[in-house]
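Data block below; observations after.
Residues: numbered from 1 along the sequence shown. Because the structure is a prediction, the values reported are computed rather than measured.
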Amino acid sequence: NDVKRMLESQVGGEKDCKRKGGKKPGNGKKNSEKKNVIRPVETSEPHFYSKKHRRRSYTYQQLLSSVGTEDNINVLYINVSKVGVVKAKGWNQRIRFGENADMNFIEYARMNRKKQITVTISKDTCDKYWICFKFQDVWKPCKATGNNRIGIDMGVKDLAITSDGEKFDNLKFGDEARKKIAKMNRALSRKQGFANPDFREKYKRNKSLNPCKKYMKAKMELAKFHQKVANKRKFYQHNITAQIVADCDFIGVETLMITNMMRNRHMSAALSDVSIGQFLAMLKYKAKWQSKIVQPIGRWTPSAKRCNCCG
């Protein structure tokens, strides 16, 4: 397809990956000595793109006059710069714009055709393209609730336990799919690609060697299955967080050092499967949408020991 080829050229565009001179830019020290150090632009090493290490997204400014719709309101037609008209599906119709929050995205775009916004087009590992519009003062309707105050304890056995005794189970989506993922990884390692040790040794001697088509097909199937598992987990957490935020005005949560917890090799797989960080992020931005409070407690506060439901 012409549109897909043009999107591929924009998102996955190449840059010159050759450096002039024999020395690398920077201060000459290894990156392992000082990690997570923000250096000035003049002394930092630039990031280069190539045919094998492509860009995954690009951002530019665009007018709202380039966005429109036809008979089907669920489908948007967007005139993407340097690509042309692209059809997009799945936009959120519940988000409202304006001072009175009485306009949807299409009505707002028609009223402000000369307004310039920031657009980001990205490509995921499953070769799907996503478009993101960045706005300010966006509203979402919500139901009025009483003055309910709860605390939430998160864990691996149960995803969340509220202070009033309600439990939300950890469905362990990754644990259920582990056998199939292992089987797909074994099949991938038998094909001629970078998952095969013999291919990697050949690639060291011949850099022009490319993976075979069967390897790329199996790699895409594995990426789609990983995305399917992640979408199940995300859908479940969306429903839970929406229910909690709709019923409560004040939510107390734990202050967890998730990065440090993931260093425990006995619990890292279970922690990544339960995805506590994603759950907290959803809870915070949904509470902010509805003008509600999410208050983290102290890091060393023994909340689970003091609560009769969580402890």
Point-to-point distance, once rounded to the nearest 0.5 Å, from CZ of F279 to CD1 of I258: 11.0 Å
Can you classify the ring geometry of F194 versus Y203 as parallel (below 30°), tilted (30 to 60°) or perpendicular (above 60°)? perpendicular
Q237 side chain vs S275 backbone, donor-acceptor pair below 3.5 Å: yes
Between Y215 and A195 (side chain of the first, backbone of the second, donor and acceptor by atom type, cut-off under 3.5 Å), is there such a pair? yes
Following the transitive rule for hydrophobic clusters with a side-chain heavy-atom cut-off under 4.5 Å over Ile, Leu, Val, Met, Phe, Trp and Tyr, establish whether I244 and I293 coincide in one cluster. no
Taking the basic N atoms (NZ, or NE/NH1/NH2) and the acidic carboxylate oxygens, is any pair closer than 4.0 Å for K123 and D127? yes
Does any N or O in the side chain of N196 come within less than 3.5 Å of the main-chain N or O of Q192, such that one atom is a donor and the other an acceptor? no
Any chance you could measure L256, atom CG, to T259, atom OG1, to the nearest 0.5 Å? 11.0 Å
What I'd like to find out is whether the side chain of Y129 reaches to under 4.5 Å of the side chain of S122, using heavy atoms alone. no
Please evaluate residues K191 and K217 with respect to the criterion side-chain contact (heavy atoms from CB on, under 4.5 Å), reporting the C-alpha separation (whole Å), side-chain torsions for both, the decisive distance (0.1 Å), and the verdict. CA-CA 10 Å; K191 295 176 174 59; K217 184 179 178 181; over 6 Å; no
Between K219 and K214, is a side-chain contact (heavy atoms from CB on, under 4.5 Å) present by the stated rule, with each step listed? CA-CA 8 Å; K219 182 181 177 182; K214 289 185 178 180; over 6 Å; no
When every non-hydrogen atom of V156 is compared with those of A270, the smallest separation belongs to CG1-CB, 3.7 Å
Is there a path of hydrophobic side-chain contacts, each under 4.5 Å between heavy atoms, that joins L76 and W130? no
Side chain of D169, backbone of L171: donor and acceptor closer than 3.5 Å? no
Check for a donor-acceptor pair, side chain of N104 on one end and backbone N or O of E107 on the other, with a separation under 3.5 Å. yes
ILVMFWY cluster, L63 and V83 together (side-chain gap under 4.5 Å): no
Which atom pair, heavy atoms only, marks the closest approach of G155 to V274? O-CG2, 3.6 Å
Answer yes or no: is there a side-chain heavy-atom contact under 4.5 Å between I181 and H226? yes
Could you give the distance from CD1 (I152) to CD1 (I297), rounded to the nearest 0.5 Å? 11.5 Å
Treating K292 as the side-chain partner and V245 as the backbone partner, does any N or O pair qualify as donor plus acceptor under 3.5 Å? yes
Validation row: V75, T69 side chains within 4.5 angstrom (heavy atoms): no
Spacing of I276 atom CD1 and L283 atom CG [to the nearest 0.5 Å]: 12.5 Å
Is any side-chain heavy atom of F105 closer than 4.5 Å to one of V67? yes
Do F235 and F173 sit in one hydrophobic cluster, given that two such residues count as connected whenever their side-chain heavy atoms are within less than 4.5 Å of each other, even indirectly? no
Could you list the residues that satisfy salt bridge (charged side-chain N to carboxylate O under 4.0 Å, His left out) with R149, not counting sequence neighbours? none
Which distance, rounded to the nearest 0.5 Å, do you find between the OG1 of T118 and the OH of Y60? 10.5 Å
Test side-chain contact (heavy atoms from CB on, under 4.5 Å) applied to L209 and F199, step by step: CA-CA 9 Å; L209 199 62; F199 179 85; 3.5 Å; yes
Indicate yes or no: at least one non-hydrogen side-chain atom of N231 is less than 4.5 angstrom from one of Y236. no
With a 4.5 Å heavy-atom cut-off, do L222 and N185 have their side chains touching? yes
Measure the shortest side-chain to side-chain distance between V253 and Q295 over non-hydrogen atoms and say whether it is less than 4.5 angstrom. no
How about CE on M111, more than 12 heavy atoms from neighbouring residues, nucleotides or ligands closer than 6.0 Å, or not? no
With distance as the sole criterion, is a donor-acceptor pair present between the side chains of T59 and T120 under 3.5 Å? yes
Heavy-atom pair with the smallest gap, counting every atom of I131 and A88: CG2-CB, 4.4 Å
Would you compute the distance between atom CZ of R200 and atom CZ of R205 and round it to the nearest 0.5 angstrom? 13.0 Å
Test side-chain contact (heavy atoms from CB on, under 4.5 Å) on Q61 and I117; report intermediate values, then the result. CA-CA 6 Å; Q61 297 286 327; I117 59 172; 5.8 Å; no
Between D249 and Q290: side-chain donor-acceptor atoms closer than 3.5 Å: no
Are F225 and M220 grouped together when hydrophobic residues (ILVMFWY) are joined by side-chain heavy atoms under 4.5 angstrom apart? no
Donor-acceptor contact below 3.5 Å, side chain T162 vs main chain I150: no
Can you label the angle between the F133 ring and the F135 ring as parallel, tilted or perpendicular, going by 30° and 60°? tilted
The complete set of salt bridge (charged side-chain N to carboxylate O under 4.0 Å, His left out) pairs with one or both residues in residues 262-279, sequence neighbours excluded, reads R233-D273
Using modelled atom types and a 3.5 Å cut-off, is there a donor and acceptor pairing between side-chain atoms of D124 and backbone atoms of C126? yes
Any carboxylate oxygen within less than 4.0 angstrom of a Lys/Arg side-chain nitrogen, looking at K224 and E221? no
Does G151 offer a backbone N or O that forms a donor-acceptor pair with the side chain of S163 under 3.5 Å? yes
Tell me which one of V85, V86, V119 satisfies side-chain contact (heavy atoms from CB on, under 4.5 Å) with V80. V86
Any donor-acceptor N or O pair under 3.5 Å, side chains S81, Q62: no
Are R96 and M103 close enough that some pair of their side-chain heavy atoms sits under 4.5 Å apart? no
Qualifying salt bridge (charged side-chain N to carboxylate O under 4.0 Å, His left out) pairs, either residue in residues 277-291, two or more places apart: none
